[in-house]
Amino acid sequence: MGNSLDFRVLLIRLKDFKFSRSQNGHSKQIRILLLNEMEKLEKTLFRLEQGFELQFRLGPTLQGKAVTVHTNYPFPGETFNREKFRSLEWENPLEREDDSDKYCKLNLQQAGSFQYYFLQGNEKSGGGYIVVDPILHVGADNHVLPLDCVTLQTFLAKCLGPFDEWEGRLRVAKESATNSKWIQEHPESAYNLVNSPHLKPAWVLDRALWHLSCDIADGKYKEKGVPALVENDHQMNCIRKIIWEDIFPKIQQNRKITTKPDPKQHLKIIQDPEYRRLGSTVDMNIALATFIPHDNGPAAVDECCNWFRKRIEELNSEKHQLINYHQEQAVNCLLGNVFYERLAGHGPKLGPVTRKHPLVTRYFTFPFEEMALSAEESIIHLPNKACFLMAHNGWVMGDDPLRNFAEPGSDVYLRRELICWGDSVKLRYGNKPEDCPYLWAHMKKYTEITATYFQGVRLDNCHSTPLHVAEYMLDAARKLQPNLYVVAELFTGSEDLDNIFVTRLGISSLIREAMSAYNSHEEGRLVYRYGGEPVGSFVQPCLRPLMPAIAHALFMDITHDNECPIVHRSVYDALPSSTIVSMACCASGSTKGYDELVPHQISVVSEERFYTKWNPAASPSDTGDVNFQSGIIGARRAINKLHQELGAKGFIQVYVDQVDEDIVAVTRHSPSSHQSVVAVSRTAFRNPKTSFYSKEVPQMCIPGKIEEVVFEARTVERNTQPYKKDENSINGMPNITVEISEHIQLNESKIVKQAGIATKGPNEYIQEIEFENLSPGSVIVFRVSLDPHAQVAVGILRNHLTQFSPHFKSGSLIVDNSDPILKIPFASIASKLTLAELNQVLYRCESEEQEDGGGCYNIPNWSSLKYGGLQGLMSVLAEIRPKNDLGHPFCDNLRSGDWMIDYVSSRLISRSGAITEVGKWLQAMFFYLKQIPRYLIPCYFDAILIGAYTTLLDTAWKQMSRLGLPHFSSGIFRCWGRDTFIALRGLLLITGRYLEARNIILAFAGTLRHGLIPNLLGEGTHARYNCRDAVWWWLQCIQDYCKVVPNGLDILKCPVSRMYPTDDAAPLPAGTMDQPLFEVIQEAMQRHMQGIQFRERNAGPQIDRNMKDEGFNVTAGVDEETGFVYGGNRFNCGTWMDKMGESDRARNRGNPATPRDGSAVEIVGLSKSAVRWLLELSQKNIFPYHEVTVKRHGKVVAVSYHEWNRKIQDNFEKLFYVSEDPSDFNEKNPNLVHKRGIYKDSYGASSPWCDYQLRPNFTIAMVVAPELFTTKKAWKALEMAEKKLLGPLGMKTLDPDDMVYCGIYDNALDNDNYNLAKGFNYHQGPEWLWPVGYFLRAKLYFSKLMGPETNAKTMFLVKNVLSRHYVHLERSPWKGLPELTNENGQYCPFSCETQAWSIATILETLYDL
């Protein structure tokens, strides 16, 4: 087993390094979009700004594959063409073979919607859209207007007055007025009864309802209970009865319904394409084939005809039932509309039914003189007239917005489900310009004119606009106005559907309505939802993942479609709600009439009056004029001015406080100046005149120092005439106005009674506000700064943080009296740290910290940190920073006290040398951190740590080799011999840690005893020599050292201080007996050839409480015939698969699960590698020994390295390969063969069936001694291992087809199951990570011998597997790879969370790439 605590990986993530570089060098914003296989993100919104760089990188599912990214984002200087895509070139800045650093990019300099997709080969594998925001310029100086500064007001063009061109230029492009001249000249542009005959039944119903409406208006139905003025439910029921009994029978619609084609050849009604009465038919050929008389007699023919007639009646009955279902829905929709327009309290209450205000809105135009319904119906079959019978436009509540409700297959018009706009017709674009050339050309020209004169457009009821049409028109507009601001109104009922429109059209802002809020709490929630980040948010790096976004909002207190808020709420709510809306960190807007307090909805269709004019001298009684004393206009100016300031000056953080049921306080905060603006609004959703409001207003505590009252305003009544609707002007309520004061001091306020100063903690000052006149309909806005002492502390902090990022330059303050250590750049302090010291600063887990009398920091109500060093903190911050999870217990702990802050610095100061200096620097920074408000501490604590952390990583990076791969910290020798040398090449040699590698090799050489390296070192004096493989891993590392390190062969002559010069010697002090390393190597080889046999010292429960007595007998040797190293017995386990049974209940105590005695395949491979290498050195006279000498049968016998090498080579495949040929004479136990075409796990085991188990160990032999393997045989064995053993992260330790396989490791389980109890299956299925490195390296080696095609496929496999490890490293708070996983990569709670050899072999694989 491996000890995860001894060799720690100092994980230097390329991403972290680049984050640091990006912030240090410049402030360019870079976003990374990870591509994953079959990830379709068309419904995901990705918003970016011009000037950003977008990098596409391969996600885990695509690494290693041949991927091409295509986009329609144009080359610089080219015009955008939606249909023109280009491929992007991959960049690989570090020229690494793995795909983790590879990207292709777009430098975004153009606004709009752009599509991307990616291919694997020629197969489309995924894609989506990006939306780049426009840059708006305004004013005489053409300054930039941020989108959050936008303030809009909606006007109805027809109410603006007699400017001839206003109506033509402001009308929305997707609609066309029914009386437009061009639509009369080109009726094919609309859905009419010629090009859309499927609408004829709906048109007939519509005309019948019109005639009913006229008859009701004329009093003809009064006797049937329906007068012109509909006032109650009884009259509504009478209307229902009249429709069913008079209208539906008259129009007989049951013969006019479209039928869906039946794929089977059964009799069905064939709809007349012109929808004429009695025009539908059946296919007589099918009828004749279906109804066949059994003979030619008259009776048989009559019987057959009767059956035919019966089937026709059944078909008609089915259609009758269908039309009845549609009619029921039509009646329900019709009566619902009547109820809203005439009875509902929140409706317009249109009054009596008239021709101007009919019972229901007409769905179709009728530009002819009225006539009887029967005469009108004849028109629909006359093309020259029917073409002018056009369908009105509208929208359908709850319908799929991507479906065209006017096309065949939709029954919306027949079922009366359309919320109809009676002044416009539904335009029929078709799928492309060729389908209706005039309409497309006309609307394109209209769009181009609009884009010439205006910087922005509004897509009203965008959900009713065909997407392909909107794309075409907006593309035309953006050619003339590249930074076109596109506002859209969407009612899809789904954020996913909203995103389809936003991403496809490049919508800049979506209209959001405050009127959707049912109380002040919901209104405040909408403010928080539609923009900004939390107050005290973390500083995000310039280079970071591209995250899904919600559409930028244009938050409106009211839209022209909303019900009147004065009716729905109260007139007193206009001021507070508009203030709340304007405090949102997004664009804001309103509708003309809101500020004037017009007490009714201004109808888009029926309103014919003009808006009021501006007149500074107007009196309240002037219905046609307004000024600052009218309605809330005076306050609106101050509200808009504040909204502009907050957006322009970067007040991007938002906090919403629901003070009580009616009071909402919204804070906008600047993260650079830390100035805040707090707006306190007392809403009036209920009329204060008729509802109770408490006079006791809660006290408010505002942190910081109130600089001024920006403005305060109260809604008040004045003594004028009450409201009366004017005939010519859209007038508001004259008796309501606002009292407003701007830029005053607290003591001048009429709303604040008194303000006191209190402290909250040692360094946080708050002002306690007591109100006296915050009546319903009032607002007060405070400008707040930090306490002067805290402001200085923040400035000093920001000044010292500028060494890490230019982001902090704004608001920084240079002072001379700060701690001297802060005058030293932190990089200079960090540069003095050794790698061992860096390990202490960054890492060390709980048990390591406890050895020094400490421990990892524990966060109450959560958990302890994984490491005592900075990585423990950074792992948590990496999770909460991107989400701004300020409610996390980690942040709560920081806000509540200084415990964590003091822990970080004190832990380091208590150590010595350069570590102390790091602690003192942090302590000096924390001195100022403690002086700022607690709500800001998480943000600045993170900024300090990430600056220090990335600098420390940079320091470690520079101390490593140019390869720049992760490494581990040495100096702790309480470790496992085998694990040390499995990990050494990956963690020390290929990372350039040559001195540490040399010292470890020589230190372990000094512990050689019995020709073995100890398994558990035990500080050298309590070592156990009970493993057969550690010495061979040690020898492999010496070989690797000599090959990798410059002048590496010099190590062979280095002196080794022997602790045990003889097997029975007491441990000697260092330096007592030294000998060169090559002599120690020769001793190990000679002892194996002679044969090793001894009993462990202190054998018994004092060193192993589970092992049986026979297990303490250690044997090892070399087979004379085969040259294979062998050893062990069935009571011990001398390889890495070393689980000893521990359960009395299951009776497995003392029995090893995997003894692997005999010749284990990896030991044979390692010994072959060592023998071959020593042979090569001896032939070059570098190694002074050419043979080993042993005593056999009383004689000294010499065995040359050449002979030993030849024996292993000649016998390996003969004895280890399980042939695919069942008759292979080399196979001694064919009855034990379970899998063919594989290599045995061992040879000569005491339990012969164990030899034949499929395990991953043979891949180790393939890597260290590939010459033992025939290429094709090796490849088939590797394919079997891939199929049966390879998991997401590791390798199954046993074939899942084996009878004792179990992939779930549970060391706590103690039951009767011999194979599972107390984790007996540790190596019988769970997926260990370190073997996967050898499997991948073996695949790479032999794939090159198999040919280019196989090698290419293998490269993909290797990169794909490595990408999973990369993802795990990214997500793991330990920043390491685990010891093992349960089956199929499942988390195993009994596994070490990070282990040296797991990362080491992965690094070796990367090195081989």
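Note: hydrogens, waters and symmetry copies are ignored here, and every other heavy atom, side chains too, is used.
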Say whether, by atom type as modelled, one donor and one acceptor occur between the side chain of Asn324 and the main chain of His320 under 3.5 angstrom. no

Is a side-chain donor or acceptor of Asn192 paired with a backbone partner of Asn195 at a separation under 3.5 angstrom? yes

To the nearest 0.5 angstrom, please state how far the CD1 atom of Ile602 sits from the CZ atom of Phe155. 10.5 Å

Minimum-distance pair of heavy atoms, taken over all atoms of Val353 and Ala217: O-CB, 3.2 Å

I'd like to check the side chain to side chain contact (heavy atoms under 4.5 Å, CB included) partners of Pro599; sequence neighbours left out, ordered by chain and number. Ile566, Tyr723, Met733

Here the pair of heavy atoms bringing Arg569 nearest to Ala514 is NH2-O, 2.9 Å

May I ask you to check whether Arg309 and Asn306 show a side-chain donor-acceptor distance below 3.5 Å? yes

Salt bridge between Glu314 and Arg311, side-chain N to carboxylate O under 4.0 Å? yes

Assess the residue pair Asp233 and Arg240 against the criterion (salt bridge (Lys or Arg N to Asp or Glu O under 4.0 Å)); give the C-alpha distance rounded to whole Å, side-chain angles, the decisive distance to 0.1 Å, and a yes or no. CA-CA 11 Å; Asp233 290 343; Arg240 182 186 296 274; over 6 Å; no

Could you state the interatomic distance from CD (Glu231) to CG (Leu343), rounded to the nearest 0.5 Å? 8.0 Å

Apply side chain to side chain contact (heavy atoms under 4.5 Å, CB included) to residues Trp421 and Asn461 and explain how you reach the verdict. CA-CA 11 Å; Trp421 306 321; Asn461 291 288; 3.1 Å; yes

Find the distance between NZ (Lys158) and CD (Glu608) and round it off to the nearest 0.5 Å. 7.0 Å

Taking ring pair (Phe, Tyr, Trp, His ring centres under 6.0 Å) as the test, write out the residues that go with Phe388, two or more places apart. none

Sequence neighbours excluded, the answer for salt bridge (Lys or Arg N to Asp or Glu O under 4.0 Å) partners of Lys43 is none

Looking at CD1 of Ile270 and CG of Asp283, how far apart are the two atoms once the value is rounded to the nearest 0.5 Å? 5.0 Å

Indicate whether any N or O donor in one side chain lies under 3.5 Å from an N or O acceptor in the other, for Tyr191 and Asn404. yes

Give the C-alpha distance, both sets of side-chain angles, the deciding distance and a yes or no for side chain to side chain contact (heavy atoms under 4.5 Å, CB included) between Phe610 and Asn728. CA-CA 6 Å; Phe610 292 159; Asn728 300 312; over 6 Å; no

Sequence neighbours excluded, the answer for salt bridge (Lys or Arg N to Asp or Glu O under 4.0 Å) partners of Arg362 is none

Output the distance between atom OG1 (Thr361) and atom CG (Leu334), rounded to the nearest 0.5 Å. 10.0 Å

Quick check: does any side chain N or O of Asp302 sit under 3.5 Å from a backbone N or O of Ala299, one acting as donor and the other as acceptor? no

Would you please classify the geometry between the Tyr429 ring and the Trp440 ring as parallel, tilted or perpendicular, with 30° and 60° separating the classes? perpendicular

Show which side-chain atoms of residues 431-439 pair as donor or acceptor with protein atoms under 3.5 Å away, not counting sequence neighbours.
unit_1 : atom_1 : unit_2 : atom_2 : d
Lys432 : NZ     : Asp435 : OD1    : 3.1
Asp435 : OD2    : Asn431 : N      : 2.7
Asp435 : OD2    : Lys432 : N      : 3.2
Tyr438 : OH     : His442 : ND1    : 3.3

Do any N or O atoms from the side chain of Arg342 and from the backbone of Gly351 form a donor-acceptor pair under 3.5 angstrom? yes

Inspect the surroundings of CH2 in Trp244 and state if more than 12 heavy atoms from other residues, nucleotides or ligands are less than 6.0 Å away. yes

Which pair of non-hydrogen atoms, one from Pro367 and one from Leu389, has the smallest distance, and what is that distance? CD-CD2, 4.1 Å

Derivation and outcome, side chain to side chain contact (heavy atoms under 4.5 Å, CB included), residues Val486 and Leu505: CA-CA 9 Å; Val486 182; Leu505 305 181; 5.8 Å; no

Sidechain-backbone polar pair: Ser494 side chain, Asp496 backbone, donor-acceptor under 3.5 Å: yes

Should Glu596 and Ile730 be marked as a side chain to side chain contact (heavy atoms under 4.5 Å, CB included) after you check the CA-CA gap, both sets of side-chain angles, and the distance that decides it? CA-CA 9 Å; Glu596 293 83 354; Ile730 304 173; over 6 Å; no

Sidechain-backbone polar pair: Gln601 side chain, Cys564 backbone, donor-acceptor under 3.5 Å: no

Enclosure of His568 NE2 (heavy-atom neighbours >12, cutoff 6.0 Å): no

Salt bridge (Lys or Arg N to Asp or Glu O under 4.0 Å) with Asp726: which residues, sequence neighbours excluded? none

Pair up each side-chain donor or acceptor in residues 219-226 with any protein partner under 3.5 Å, not counting sequence neighbours, and list the distances.
unit_1 : atom_1 : unit_2 : atom_2 : d
Lys224 : NZ     : Asp246 : OD2    : 2.9

Partners of Thr591 by side chain to side chain contact (heavy atoms under 4.5 Å, CB included), sequence neighbours excluded? Thr154, Met556, Ile558, His560

Below 3.5 Å, can you tabulate the donor-acceptor pairs from side chains in residues 203-216 to any protein atom, sequence neighbours excluded?
unit_1 : atom_1 : unit_2 : atom_2 : d
Asp206 : OD1    : Tyr363 : N      : 3.0
Asp206 : OD1    : Arg416 : NH1    : 2.7
Asp206 : OD2    : Tyr363 : N      : 3.2
Asp206 : OD2    : Phe364 : N      : 3.2
Arg207 : NE     : Glu376 : OE1    : 3.0
Arg207 : NH2    : Glu376 : OE2    : 2.9
Trp210 : NE1    : Glu370 : OE2    : 3.1
His211 : NE2    : Met371 : O      : 3.4
His211 : NE2    : Glu376 : OE1    : 2.9
His211 : NE2    : Glu376 : OE2    : 3.1
Ser213 : OG     : Leu359 : N      : 2.8

Over all heavy atoms of both residues, which pair between Val567 and Gly345 is shortest? Give the atoms and the distance, please. CG1-O, 4.1 Å

Output yes when a side-chain donor or acceptor of Asp460 lies under 3.5 Å from a complementary backbone atom of Glu489, and no otherwise. no

Identify, with sequence neighbours excluded, every residue that meets side chain to side chain contact (heavy atoms under 4.5 Å, CB included) alongside Asn232. His234, Gln235

For Phe339, the ring pair (Phe, Tyr, Trp, His ring centres under 6.0 Å) test, sequence neighbours excluded, returns none

Taking only residues two or more places apart in sequence, or in another chain, which ones meet Glu303 in a salt bridge (Lys or Arg N to Asp or Glu O under 4.0 Å)? none

Side-chain ion pair, Glu407 and Arg403, N-O less than 4.0 Å: no

Heavy-atom count check: over 12 atoms from other residues, nucleotides or ligands less than 6.0 Å from Glu185 CD? yes

Thr365 (side chain) donor-acceptor with Met390 (main chain) under 3.5 angstrom: yes

I'd like to know if the side chain of Tyr413 and the backbone of His392 have a donor-acceptor N/O pair within less than 3.5 Å. yes

Quick one: CG on Leu335 to CE on Met236, what's the gap to the nearest 0.5 Å? 4.5 Å

Give the minimum heavy-atom separation between Leu199 and Ala391, together with the two atoms involved. CD1-CB, 4.1 Å

Taking all heavy atoms of Thr465 and all of Ala470, pick out the closest pair and write down the distance. CG2-CB, 3.8 Å

